[in-house]
Protein chains: 2
Amino acid sequence: MADPQPGSRAEQRKRTEDRILDAAAQSFFAVGYERTTIRAVASAADVDPGLVMHYFGSKQDLFRRVIAAAPVPELSAEPGRAAEEILAGLTERMAAAPVASLTILRSMLTNPEAAEAVGAAATRYQANVAQAIPAADADLRAAVINAVILGVTISRHLLRSDALADAGPEQIAELLRPGITALAAGPEQGPEPE
Amino acid sequence: MADPQPGSRAEQRKRTEDRILDAAAQSFFAVGYERTTIRAVASAADVDPGLVMHYFGSKQDLFRRVIAAAPVPELSAEPGRAAEEILAGLTERMAAAPVASLTILRSMLTNPEAAEAVGAAATRYQANVAQAIPAADADLRAAVINAVILGVTISRHLLRSDALADAGPEQIAELLRPGITALAAGPEQGPEPE
DNA sequence: TGGTTCATTGAACAAGCGTTGAATGAACTG
DNA sequence: CAGTTCATTCAACGCTTGTTCAATGAACCA
């Protein structure tokens with residue numbers, strides 16, 4: 001599945017499609033779904049608005065294409081090590097949050113499609129986390145962990161909270177460690193069962 | 001500052017204004033700023049769109065009026081008790097989250113005005129929290145606490161995460177307790193500093 | 001080379017938006 | 001009661017939006 005011949009029609013098309021996709025991703029990420037206009041995307045990609053429609057069908061489809069590039073974090077942990085894996089994943093994501101993921105987050109509160117994407121990803125992630133938590137309320141605990149990660153990510157990357165944006169990923173992860181550990185450990189049940 | 005005479009012109013105006021404000025709040029909360037239309041608000045309030053403009057000036061001003069009703073959580077805590085007060089405040093807010101606050105949250109990622117409101121409230125709240133934390137990185141800790149609260153609130157009320165929406169406020173607060181406590185306590189420094 | 005495909009453009013459409021300003025008629029004021 | 005205020009409506013403007021469709025010209029294939 002190599003790139004088509006340079007200068008060929010197919011290659012030119014791919015170049016243009018990618019330019020549009022890039023411009024769209026940038027705009028969706030920067031201002032969200034509603035404030036992004038086909039015209040602005042086309043202009044940023046140095047292309048006619050009609051071409052955007054011709055290639056991607058509709059604004060909604062274009063949005064779908066952009067957010068389809070969002071990697072869904074996979075996580076499979078064994079009980080006891082769950083907290084560390086969660087923190088490691090969070091650290092990694094804080095260091096380099098992909099544009100597609102942030103685009104979804106930016107639009108999730110106003111765009112049903114984005115909300116659904118977030119919901120689906122959250123459900124998968126929560127299921128994986130919950131299975132590693134030895135507690136009756138594992139689902140709730142996983143949901144809270146998810147909420148915490150969501151809040152930190154939004155504050156840091158979208159709201160650009162000064163304190164959070166300036167701090168290093170490991171520093172933030174360190175501060176979250178006690179809470180995540182407690183959430184992933186399950187209920188305390190007196191001194192060392194067994 | 002009693003209500004004006006019933007049936008009077010002033011009273012009638014107030015009634016209408018309130019009806020518009022209610023409809024606007026509901027719409028802003030439900031679908032956010034961009035998807036809310038003056039026409040829809042007017043229709044819901046059984047009023048002509050022109051009247052909305054006449055009374056509130058512009059859509060942006062109407063939005064301002066709605067979010068001006070959002071209570072800013074005040075918090076002044078002494079070191080050591082900070083965590084409990086934070087958790088108490090969070091519990092309270094989870095039990096009855098005011099529409100205005102949720103409206104701001106809904107729009108904060110796409111509307112600059114809402115983002116500013118969130119930022120301002122967050123800054124004030126963080127300052128209060130930080131002052132009660134005995135640590136060099138108190139600001140960062142306060143920011144993380146804020147982010148956690150933000151994430152939980154969004155997940156619960158806006159994303160309607162099943163697990164979180166079904167759980168009781170106290171239950172969630174209980175799960176959050178270890179993390180918040182650790183954040184508000186400052187760095188551990190060996191066994192019981194005297 | 002001649003015909004077809006297709007990337008790309010330009011102009012336009014219909015719908016919806018926020019917003020305006022004149023018109024109406026009932027509530028006020030003197 | 002006459003005159004003014006003002007809550008409310010109606011119709012319209014100008015703009016932007018997503019979207020469509022015919023036209024163009026270069027790349028492709030036989």
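Throughout, protein chains are lettered first and strands after them, A, B, ... in sequence-line order, and every chain is numbered starting at 1. From a predicted model like this one, the values you see are computed outputs, not experimental measurements.
- Near DNA chain C, meaning a heavy atom under 4.0 Å from it, residues 22-39 of chain B has B:Thr36, B:Thr37, B:Ile38, B:Arg39 in order of number.
- One atom, CG of B:Asp48, and another, C1' of D:dA12, lie 12 Å apart when rounded to the nearest Å.
- Within residues 108-115 of chain A, no residue has any heavy atom under 4.0 Å from DNA chain D.
- Note: CZ (B:Arg19) to C1' (D:dT8) measures 11 Å, nearest angstrom.
- Counting heavy atoms from C-beta outward, A:Val41 and A:Val47 have side chains that stay 4.5 Å or more apart.
- In this structure, B:Phe28 and B:Tyr33 have parallel ring planes: the angle between them is below the 30° cut-off, well short of the 60° mark.
- Computed from coordinates, the A:Leu62 CG to D:dT17 P distance equals 15 Å when rounded to whole Å.
- Expressed to the nearest 0.5 Å, how far CE of B:Met108 lies from CG of B:Leu150 amounts to 4.5 Å.
- The nearest pair of heavy atoms linking B:Thr110 to A:Arg106 is CG2-O, 4.0 Å.
- The nearest pair of heavy atoms linking A:Glu34 to B:Glu34 is CG-CG, 3.5 Å.
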Every protein N/O within reach of nucleotides 2-7 of chain C N/O, cut-off under 3.5 Å:
residue: C:dT5; atom: O2; partner: A:Arg9; partner atom: NH1; Å: 2.8
residue: C:dT5; atom: O2; partner: A:Arg9; partner atom: NH2; Å: 2.9
residue: C:dC6; atom: O4'; partner: A:Arg9; partner atom: NH1; Å: 3.4
residue: C:dA7; atom: OP2; partner: A:Arg13; partner atom: NH1; Å: 2.8
residue: C:dA7; atom: O5'; partner: A:Tyr55; partner atom: OH; Å: 3.4

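- Annotation: B:Gln131, atom CD; neighbour count of heavy atoms from other residues, nucleotides and ligands within 6.0 Å is above 12.
- The side chain to side chain contact (heavy atoms under 4.5 Å, CB included) test with A:Arg177 singles out one residue from A:Leu87, A:Ile86, A:Ile172, and that residue is A:Leu87.
- Atoms CD (A:Glu11) and P (D:dA26) sit 19 Å apart, rounded to a whole Å.
- Between the OG atom of B:Ser58 and the CE atom of B:Met53 there is a distance of 6.0 Å, given to the nearest 0.5 Å.
- Under 4.0 Å is where a charged nitrogen must lie from a carboxylate oxygen, and between B:Asp61 and B:Arg64 at least one such pair does.
- Checked by atom type and distance alone, the side chain of A:Thr16 pairs as donor or acceptor with a backbone atom of A:Gln12 at under 3.5 Å.
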